[in-house]
Amino acid sequence: GLCALLVMHMGEYTRKLAHARNIRGLMNVQFSIKNEMVYVIEANPRASRTVPFLAKAYDVPFVNMATKVMLGTHKLKDFDIKKRLEGWAI
């Protein structure tokens, strides 16, 4: 698996990208890792193919949550999302 430091960097880069682009809702970010360095390959303000797979794998209603965030009725901090690091998608 990935070491905690790399996962931390990936989360940090994702938050910075979303904030810089003023993205509210879902975003797909693709990373590459080489020699313990994290690189962002691509970031898209959509995730139509990725999210349903992850929502089912992790049993978390990501689409429902993202819709509420995009509509402005909720903030991400309003949801209690349990981190599950045992899953992977390729």
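Cluster annotation: Leu54 and Val69 are assigned to the same hydrophobic cluster (Ile/Leu/Val/Met/Phe/Trp/Tyr, side-chain heavy-atom contacts under 4.5 Å, transitive). Taking hydrophobic clusters as Ile, Leu, Val, Met, Phe, Trp and Tyr residues chained together by side-chain heavy-atom distances below 4.5 Å, Met65 shares a cluster with Phe53.
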Problem - side-chain contact (heavy atoms from CB on, under 4.5 Å) between Phe79 and Val60, worked out - result: CA-CA 10 Å; Phe79 302 101; Val60 175; over 6 Å; no
Exercise for the section: Might you work through the side-chain contact (heavy atoms from CB on, under 4.5 Å) test for Thr73 and Asp78, ending with a clear yes or no? Expected result: CA-CA 10 Å; Thr73 62; Asp78 296 333; over 6 Å; no
Problem - Worked verdict on Tyr13 versus Val38 for side-chain contact (heavy atoms from CB on, under 4.5 Å) - result: CA-CA 9 Å; Tyr13 296 159; Val38 176; 3.8 Å; yes
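Once rounded to the nearest 0.5 Å, the distance linking NZ of Lys34 with OH of Tyr39 reads 7.5 Å. Met8 CE to Leu2 CG: the interatomic distance, rounded to the nearest 0.5 Å, is 13.0 Å. A distance of 9.5 Å separates CG of Asn28 from OG1 of Thr14, quoted to the nearest 0.5 Å. Note that NZ of Lys82 is 12.5 Å distant from CG of Asp59, once rounded to the nearest 0.5 Å. Note: Lys68 NZ to Leu76 CG = 13.0 Å, rounded to the nearest 0.5 Å. Between the CZ atom in Phe62 and the CD1 atom in Ile81 there is a gap of 6.0 Å [rounded to 0.5 Å].
Glu36 places none of its side-chain heavy atoms less than 4.5 Å from the side chain of Leu5. In this structure, the side chains of His9 and Phe31 stay at 4.5 Å or more apart for every pair of heavy atoms. Between Ile33 and Met10, some side-chain heavy-atom pair lies under the 4.5 Å cut-off.
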